[in-house]
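So the structure is just underneath, and the comments pick up after that.
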Number of protein chains: 2
Amino acid sequence: MQETDPPPPEGRVPNLAFGGAPTIRDVARIADVSIGTASKALNAGGRLSQETRDKVLRVAREIGYRPNDLAQSLHRAKSRTIGIISNDSFGRFTFPIVEALEERLAEEGMAVFMCNATDDPARERQHLDQLLGKRIDALVVTARRADKRAPIGPLAHGLPVIYVFSQADDPNALSLLPDDEGGAVLAVAHLAALGRKRIAHVTGPEHFEAVRLRRKGYRSVLAEAGLPEIEGFYLSGVWSEAWGREAAARLFSGPQTPDAIFCGNDQIARGACDTLREIGLAIPADVAIVGFDNWDVMVLAARPPLTSIDMNLKALGREAGDSVLEMIAGRKLSGVRRRPCSLVVRASSKP
Amino acid sequence: MQETDPPPPEGRVPNLAFGGAPTIRDVARIADVSIGTASKALNAGGRLSQETRDKVLRVAREIGYRPNDLAQSLHRAKSRTIGIISNDSFGRFTFPIVEALEERLAEEGMAVFMCNATDDPARERQHLDQLLGKRIDALVVTARRADKRAPIGPLAHGLPVIYVFSQADDPNALSLLPDDEGGAVLAVAHLAALGRKRIAHVTGPEHFEAVRLRRKGYRSVLAEAGLPEIEGFYLSGVWSEAWGREAAARLFSGPQTPDAIFCGNDQIARGACDTLREIGLAIPADVAIVGFDNWDVMVLAARPPLTSIDMNLKALGREAGDSVLEMIAGRKLSGVRRRPCSLVVRASSKP
DNA sequence: TTGAAAGCGCTAACAA
DNA sequence: TTGTTAGCGCTTTCAA
C-alpha cells in the first residue's frame with residue numbers, strides 16, 4: 001500500500017505506524033523543539049513563549065497531527081470510551097435511547113462501542129470480555145426485555161454499569177426505565193376526562209412487567225374515578241395489529257361495549273381502529289382510542305391518527321448519558337429510576 | 001471509590017490504573033517469572049516449559065487478568081477497531097446493516113465505534129476527528145440517502161473507507177448497495193408471470209436514486225414482456241401509507257384500471273391495499289400487489305399480507321464486514337457493488 | 001522558557 | 001528455557 005501512495009507533501013517521511021499518522025515526535029522534529037515542549041504547546045498548558053507555541057501549532061496543523069487517543073488513554077488510565085451491550089438488536093426501542101446516549105457522550109468527547117448480543121449469553125460474555133480489554137470507563141446494558149435480567153458479570157472491579165430500558169436483579173445497579181404505570185395513568189385519565197365511562201384495556205403478554213404495570217395504572221384511574229371494571233374489558237394477548245383487531249371484535253360482541261379503549265401499544269390500537277371502522281363505529285365519537293409508544297409510523301398512518309403515550313426514550317438515553325458521566329466521575333448511583341411518559345393527543349381521542 | 005471498595009482477595013494490591021485492572025506485571029510478579037516469560041505464556045508463543053506456562057495461565061485466570069488492548073494496539077499499530085458514521089440515526093435501513101457488520105467483525109475480535117451524525121456535516125466532521133484519534137483501522141459510512149454524497153474527509157492517509165447503503169462521489173471509494181433495479185425486475189416479472197397485463201407503479205420521490213432505478217427495472221420488464229406503459233400508471237409521491245391510499249384511489253378513477261400494482265415501498269403498498277379493500281376489490285384476485293423493503297411490521301399487518309422485495313440488508317452488512325477485513329488486510333477495493341434483492345411471495349400476489 | 005527522561009501496559013528481539 | 005530491554009505515542013515531573 002505504502003508504495004502505491006503518492007509521497008507525503010514536502011518530502012517528509014512520516015512514521016509507518018497507524019497508516020503513517022504523524023506523531024508528536026514528528027511535530028517536535030519539524031518544529032525543531034523537544035517533545036516536551038511540543039506537548040506543552042499542544043495541550044495549551046505550562047509557560048511557553050508565544051512564538052514557540054505558534055510554531056508548534058502551525059506545524060501540527062500542516063502535517064495533520066492528531067494525538068493518538070490510544071497512547072493518551074494508556075497514560076491517563078482512562079479510555080474515554082464506554083460500551084453498550086444491547087439485547088434488542090438495537091431495535092425500535094433501543095435505538096432512540098442509544099442515539100441520545102451517544103449524542104450526550106460525544107459532547108464530552110467520549111466514544112461508544114456498540115455490541116449486540118441478541119439475548120445470547122455466550123455472545124454477551126464475549127462482548128463483555130472484549131470491552132473489558134478495551135478498558136471502557138463504563139458499561140450500559142440495554143434491552144427490550146419482558147422482565148428483570150440476571151446481572152451482567154463478572155466485571156472489572158468498580159466498573160460503572162447502567163441498565164437502561166432494562167433491569168437487573170442487583171440492588172447495587174442503576175436502572176433507568178420509563179414509568180409505565182404513570183403512562184397508563186395519563187392515558188386513562190385522559191379518556192376519563194373526556195367523559196368516557198366504559199374504558200377497556202387491550203394489551204400484550206402478561207409476562208412483560210410493562211403490561212402488569214400499565215394495567216395497574218389503568219385500574220388505579222378507574223378506581224379513583226369511580227368507574228367500573230367491567231367483565232371482559234381487560235384483554236391480554238400479543239403485541240400485534242392482528243390481536244388488536246381480534247380483541248376489538250371481541251369487545252363489541254359482548255353484552256357490554258366500551259366507549260373507550262386504552263391499548264398496550266400502537267399496533268394493537270391501530271388494529272382496533274380498523275375493526276371499529278369496519279363495524280361502522282366512529283372514532284372518537286363512539287369509541288375513543290389511546291395507544292402506547294407513540295411510534296410515528298403507526299400513529300400517523302392509523303385512521304384516524306392515534307393519541308398515544310410517548311415514553312420519551314431520547315430523554316431516557318440522555319439521562320443515561322448524564323448518569324454514565326456522573327458515575328465515571330466517581331459518584332455511586334443505584335436503584336431503579338422511572339422517568340415520566342407524556343400524552344400526545346391526536347384525532348383518535350380529540351374531544 | 002477505591003476506599004469504599006472491599007480489599008481485593010488474598011491481600012494483593014493491584015495497580016490503581018484502569019480501575020485496578022491487573023497488568024501483565026502483576027501476573028509475572030505473582031507467578032514469579034519475568035514479564036517476558038509471562039507474555040510468552042499468555043500469547044501461546046515461543047518455547048517455554050509446560051510447567052511455567054501453566055503456572056502463568058493459572059495466575060492470570062485467578063487474578064482476572066485481561067490484556068489491555070490499548071497497550072496492545074499501541075504496540076501493534078493496529079487498533080482492531082473500526083468506526084461507523086451513520087446519517088440515518090441508525091434507522092430502519094441502517095440497523096440491520098450495522099448489526100450484521102458488527103457481528104461479522106466481532107467474529108474477528110474487532111470492535112465497532114458507532115457515531116450518528118444525522119446529516120449534520122459539523123457533527124460528521126467532529127466524529128471523524130474523534131475516530132481518527134482512536135486510530136480506527138477502517139471507516140464505514142452509512143445512510144439512507146436520496147443520492148450520492150460528498151466523500152467524507154479529509155481522512156488519514158490510507159484509511160480504508162466503505163460506503164454502505166450510501167454512495168460517494170469518489171471513484172476510489174467502495175460502495176455497497178442493494179440492486180434496486182434488479183429488485184424491481186423481480187417484482188414486476190413476478191406480476192407478469194401471474195398473467196397481469198396492466199401493471200401500475202406507485203412509488204416515492206424521484207430525487208431518490210432508488211426510485212429512478214426501480215422505475216427503470218419496472219419499465220424494462222414491461223418492454224420485454226410486451227406490456228404497455230399505460231398513461232397515468234406511473235405515480236411518484238412520498239413514502240407513506242397516505243400516499244399509497246391516495247394513489248390507489250387515483251388509479252381506479254381513471255379510464256383504465258390496473259390489475260397489478262408494484263409499489264415503491266411497503267407503506268405505499270399497504271395504503272393501496274386499504275383503498276382497494278374499501279373500493280371492494282379483491283386482492284390478489286382483482287389486483288395483485290407487490291411492495292418493497294419486506295418490512296415485517298408492514299407486510300405482516302397488511303391485509304392481505306404483502307408480497308415484497310427484500311433488500312437483504314443483513315447480507316449487505318455482512319459483506320461490508322468482509323470488505324472491511326479485506327481492505328484492512330491491504331487489498332484495495334473500489335467501485336459500486338450492487339447486491340441482489342429477493343422476492344418474498346405472500347397472499348397479496350399468490351397465484 | 002526549554003529539554004530530558006520516566007512511565008502507562010504490552011510485545012518482540014536479543015541476551016543469558 | 002527464561003530474563004532483559006527497547007519502544008509503541010503520549011504526558012508530566014524535574015532539571016537545565
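Chain identifiers are assigned alphabetically (A, B, ...) following the order of the sequence lines, protein sequences preceding nucleic acid strands; residue numbering begins at 1 within each chain.
- Rounding to whole angstrom units, CZ of residue B:R47 and P of C:dC14 are separated by 17 Å.
- Sorted by residue number, the list of members of residues 50-57 of chain B with any non-hydrogen atom under 4.0 Å from DNA chain C is empty.
- Across every non-hydrogen atom of A:L132 and B:R66, the tightest pair is C-CG, 4.3 Å.
- Taking only side-chain atoms of B:T37, from C-beta outward, the nucleotide of D:dG3, D:dC10, C:dG9 with the closest atom is D:dG3.
- Closest-nucleotide positions on DNA chain C for B:K40 and B:D69 were compared, and the one nearer the 5' end corresponds to B:D69.
- The distance between atom CZ of A:R25 and atom P of D:dC10, rounded to the nearest whole Å, is 9 Å.
- Put simply, A:S34 has a side-chain N or O that comes within less than 4.0 Å of OP1 or OP2 on C:dG3.
- Ionic pairing of B:R104 and B:D322 is present here: one or more N-O contacts between side-chain nitrogen and carboxylate oxygen are shorter than 4.0 angstrom.
- Remark on DNA chain C: of its neighbouring residues B:R76 and A:L48, the 5'-side contact belongs to A:L48, judged by nearest-heavy-atom nucleotide.
- For A:H75 and D:dG9, a side-chain-to-base donor-acceptor distance below 3.5 Å is absent, hydrogens and geometry of angles not being considered.
- For A:N43, a side-chain nitrogen or oxygen approaches OP1 or OP2 of D:dT11 to under 4.0 Å.
- The distance from the CZ atom of B:F113 to the CG atom of B:L131 is 7.5 Å, given to the nearest 0.5 Å.
- Between the CD1 atom of B:I24 and the P atom of D:dT4 there is a distance of 14 Å, given to the nearest Å.
- Of all non-hydrogen atoms in A:P22 and B:R135, the two that sit nearest each other are O-NH2, 3.9 Å.
- Taking atom CG on A:L70 and atom P on C:dT11, their separation rounds to 14 Å, with Å as the unit.
- As rounded to whole Å, 14 Å separates atom P of D:dC10 from atom NZ of B:K134.
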Next item on the list: Quick one: do A:Q50 and A:D54 satisfy side chain to side chain donor-acceptor pair (under 3.5 Å)? Show the steps, please.
Entry: CA-CA 6 Å; A:Q50 193 59 40; A:D54 288 347; 3.2 Å; yes
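- The residue A:S39 sits close to a base: some heavy atom pair falls under 4.0 Å.
- Taking only side-chain atoms of B:L74, from C-beta outward, the nucleotide of D:dC10, C:dA4, D:dG9 with the closest atom is D:dG9.
- DNA chain D is contacted by both B:S49 and A:L42; B:S49 maps to the nucleotide lying nearer its 5′ end (nearest heavy atom per residue).
- Among the atoms of the strands shown, base atoms are found under 4.0 Å from some heavy atom of B:I35.
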Margin query: Walk me through whether A:E102 and B:N116 qualify under side chain to side chain donor-acceptor pair (under 3.5 Å).
Written below: CA-CA 8 Å; A:E102 192 264 342; B:N116 175 29; 5.1 Å; no
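- One finds a side-chain N or O of A:Q72 lying less than 4.0 angstrom from the OP1 or OP2 phosphate oxygen of D:dT11.
- Annotation: the span from A:C115 atom SG to A:Q130 atom CD amounts to 6.0 Å, rounded to 0.5 Å.
- Whole-Å rounding puts the A:F18 CZ to D:dG7 P distance at 18 Å.
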